[in-house]
Number of protein chains: 2
Amino acid sequence: MSEAKRESMQKYSSSKENYLKAIFHLQKSDGVVTTNDVANELQTRPASVTDMLKKLKAQKLLIYERYKGFKLSQEGRKVALQIIRKHRLWEYFLVEKLQFGWDEVHEIAEELEHISSRKLIDRLDEFLDYPKTDPHGDPIPDSQGRFTLIKQVDLLHLPPNKTGEVSGIGDQSPEMLELLKHKQIGLGTRIEVKKIFAFDHSLELKVRNQSIVTVSEHVAKNVFVKYDE
Amino acid sequence: MSEAKRESMQKYSSSKENYLKAIFHLQKSDGVVTTNDVANELQTRPASVTDMLKKLKAQKLLIYERYKGFKLSQEGRKVALQIIRKHRLWEYFLVEKLQFGWDEVHEIAEELEHISSRKLIDRLDEFLDYPKTDPHGDPIPDSQGRFTLIKQVDLLHLPPNKTGEVSGIGDQSPEMLELLKHKQIGLGTRIEVKKIFAFDHSLELKVRNQSIVTVSEHVAKNVFVKYDE
DNA sequence: AATTAAATTTAGACAAATCTAAAAAATAAA
DNA sequence: TTTATTTTTTAGATTTGTCTAAATTTAATT
Ligand SMILES: [Mn+2]
Ligand SMILES: [Mn+2]
Ligand SMILES: [Mn+2]
Ligand SMILES: [Mn+2]
């Protein structure tokens with residue numbers, strides 16, 4: 001086995017993996033990541049984050065100069081993507097094979113994502129028949145860390161009377177997932193926007209070609225759909 | 001939820017869980033467990049074991065007086081059995097659903113057994129259709145920690161020309177499992193003892209009603225079978 | 001530009017799990 | 001029953017990941 005390959009197989013602590021994943025996600029939305037962002041995301045203290053940043057830098061997983069911000073190195077990004085791959089495959093397994101609800105799986109996957117066996121995750125992928133997205137519509141990276149972003153638009157930008165199919169959820173807090181579950185909106189649900197009130201930008205939706213439900217602008221901004229143009 | 005129930009749901013560190021499991025297994029074979037036994041089993045140092053014994057005692061998982069030996073408390077035994085349940089269910093999953101060989105699954109299960117969700121393991125049990133034994137023939141405790149010992153006898157005590165069915169393996173080291181795999185002996189394999197040599201107690205076996213293979217006394221002592229009397 | 005506020009880092013501490021080396025207790029041998 | 005050997009425990013360190021409080025740097029306001 002080559003040196004580079006062995007390096008990519010290296011096992012990091014669960015804590016380090018959680019940091020790498022958090023930084024990866026924060027890079028997505030902001031571009032620049034701050035110490036406080038990470039502390040907030042991981043429910044920890046800024047001082048603890050600084051400590052860890054130094055360790056990640058020492059292992060060349062992070063590009064970091066004190067006070068000057070930071071970002072993942074190539075290697076750090078690669079590791080993060082493998083954790084995300086594991087997280088999402090396990091979520092898919094829990095929902096599709098073990099009948100969990102989409103709002104129950106995140107916490108459990110947060111533990112399962114740290115199981116180290118490469119062979120396990122590749123066999124699981126095969127067993128699940130190579131799913132492309134997890135139960136929340138997020139793309140699952142392949143074993144090389146490649147994944148495709150799905151072109152999607154939030155409900156506020158779905159043209160009125162066009163039917164869209166739910167393809168992703170932005171805010172995936174338990175509260176949000178509970179609300180969507182209650183309104184019977186899930187991945188693949190067909191939705192039409194019937195009206196957007198000028199007053200508070202709340203929306204009336206036709207869900208599953210049946211019931212009319214109302215959602216706030218805040219909710220609408222976090223429900224993504226794909227539709228035929 | 002009752003106090004007792006919450007206690008049984010308590011999460012312990014992976015390290016503590018490994019100690020409890022090791023002590024449980026050592027109690028089985030010996031009755032009395034020693035500090036050195038545990039150190040040897042867990043590939044650690046006697047001093048580390050003593051440290052941990054004190055912590056387990058403080059948590060009432062262990063009955064222990066310095067220099068006087070130790071054994072699991074009721075609660076410790078209960079925790080150990082839940083870890084063993086998880087270990088064996090995951091092993092079964094890996095072999096039956098992900099096509100792993102029986103000699104590949106132990107290490108991975110050693111990690112998976114520490115995933116904490118109770119609901120996960122009960123759903124997994126259901127998904128697997130409540131298997132009673134793991135891929136090595138060891139019984140899987142139910143969610144209350146109950147399990148039944150299978151009546152079995154080692155190959156040396158299988159009456160000559162009686163056909164037995166392999167139901168368990170004693171020594172489950174990778175070396176042993178590799179040997180058995182090579183001789184095409186696995187769980188459920190039908191075996192007849194054709195001859196036991198007085199010189200070294202080695203055995204000639206008829207395997208699968210076909211090939212004649214020779215195994216040492218050491219091997220025979222670690223292959224268990226059940227048969228109709 | 002000087003001051004205030006916010007973000008970040010350092011200093012020092014702590015808990016968990018481990019180790020080595022040395023002391024104490026229990027066992028085995030002489 | 002002394003003496004020697006083995007087992008077990010203690011004492012004192014080390015590593016990893018975390019914390020609080022204080023210092024430093026950067027950013028925002030007057
Ligand atoms: Mn995690
Ligand atoms: Mn997800
Ligand atoms: Mn384990
Ligand atoms: Mn097993």
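Order of the sequence lines sets the chain letters (A, B, ...), proteins ahead of strands, with each chain counted from 1. As the structure is a prediction and not an experimental result, all values here were calculated from the model.
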Practice item. Go through the steps for A:Asp125 and A:Arg85 under the test salt bridge (charged side-chain N to carboxylate O under 4.0 Å, His left out), then give the verdict. Key: CA-CA 10 Å; A:Asp125 197 11; A:Arg85 169 172 161 79; 3.1 Å; yes
Review point. How far apart are the C-alpha atoms of A:Asp37 and A:Thr34, what are their side-chain angles, what is the distance that settles it, and do they pass the side chain to side chain donor-acceptor pair (under 3.5 Å) test?
Key: CA-CA 5 Å; A:Asp37 283 346; A:Thr34 71; 3.2 Å; yes
Review point. Nearest-Å distance, OH (B:Tyr12) to C1' (C:dA16)?
Key: 16 Å
Exercise for review: Answer yes or no: side-chain N or O of B:Tyr67 and base N or O of D:dT7 forming a donor-acceptor pair under 3.5 Å.
Suggested key: no
Exercise for review: Determine whether the side chains of A:Glu91 and A:His87 contain a donor N or O and an acceptor N or O closer than 3.5 Å.
Suggested key: yes
Check your understanding: Is any side-chain N or O of B:Arg66 closer than 4.0 Å to OP1 or OP2 of C:dA25?
Key -> no
Exercise for review: Provide, to the nearest angstrom, the distance between the CG atom belonging to B:Asn40 and the C1' atom belonging to D:dT8.
Suggested key: 15 Å
Practice item. May I ask you to say what B:Ser48 touches in the nucleic acid, namely base, sugar-phosphate or nothing, with a heavy-atom cut-off under 4.0 Å? Key: base
Point to revise | A:His114 side chain to A:Asn18 side chain, donor-acceptor N/O pair below 3.5 angstrom | key: yes
Check your understanding: Base, sugar-phosphate, or nothing for B:Tyr19, non-hydrogen atoms under 4.0 angstrom?
Key -> sugar-phosphate
Check your understanding: What does A:Thr50 touch in the nucleic acid at a heavy-atom separation under 4.0 angstrom: a base, only the sugar-phosphate, or nothing?
Key -> base
Check your understanding: Rounded to whole angstroms, how far apart are CG on A:Asp51 and C1' on C:dA13?
Key -> 12 Å
**Study point:** Ring center gap for A:His136 and A:His106 short of 6.0 angstrom
**Key:** no
**Study point:** A:Lys54 NZ to D:dT15 P, straight-line distance once rounded to whole Å
**Key:** 16 Å
Review point. Between the two ends of the helix from C:dA1-D:dT30 to C:dA30-D:dT1, what is the bend in degrees, rounded to 10 degrees, where each end axis spans five pairs?
Key: 10°
Review point. Whole-Å distance between C:dT10 P and A:Arg45 CZ?
Key: 19 Å
Exercise for review: Measure from NZ or CZ of B:Arg123 to the centre of the six-membered ring of A:Phe100, then state whether that distance is under 6.0 Å and the direction lies within 45° of the axis.
Suggested key: yes
Review point. Hey, does B:Tyr64 reach any base, or is it just sugar-phosphate, or nothing, if we go heavy atoms under 4.0 Å?
Key: sugar-phosphate
Point to revise | C:dA15 OP1/OP2 closer than 4.0 Å to side-chain N/O of B:Lys55 | key: no
Exercise for review: Check whether any side-chain nitrogen or oxygen of B:Thr44 sits under 4.0 Å from OP1 or OP2 of C:dA17, and answer yes or no.
Suggested key: no
**Study point:** Pair B:Glu111, A:Ser116: side-chain N/O donor-acceptor within cut-off below 3.5 Å
**Key:** yes
Exercise for review: Measure from CE on A:Met52 to P on C:dT9 and round the result to the nearest Å.
Suggested key: 14 Å
Point to revise | Side chain of A:Thr34 (C-beta onward), nearest among C:dT18, C:dT8, D:dT18 | key: C:dT8
**Study point:** Whether A:Phe127 and A:Phe93 hold their rings parallel, tilted or perpendicular, with breakpoints at 30° and 60°
**Key:** tilted
Review point. Between D:dT6 and B:Asn36, is there an OP1 or OP2 to side-chain N/O distance shorter than 4.0 Å?
Key: no
Practice item. Using whole Å, report how far CG of A:Leu62 lies from C1' of C:dT9. Key: 15 Å
**Study point:** Rounded interatomic separation in angstrom, taking CD from A:Glu65 and P from C:dT8
**Key:** 15 Å
**Study point:** Side-chain N or O of A:Thr35 closer than 4.0 Å to phosphate OP1/OP2 of C:dT9
**Key:** yes
Check your understanding: Base, sugar-phosphate, or nothing: which does B:Lys68 touch, judged by heavy atoms less than 4.0 Å apart?
Key -> nothing
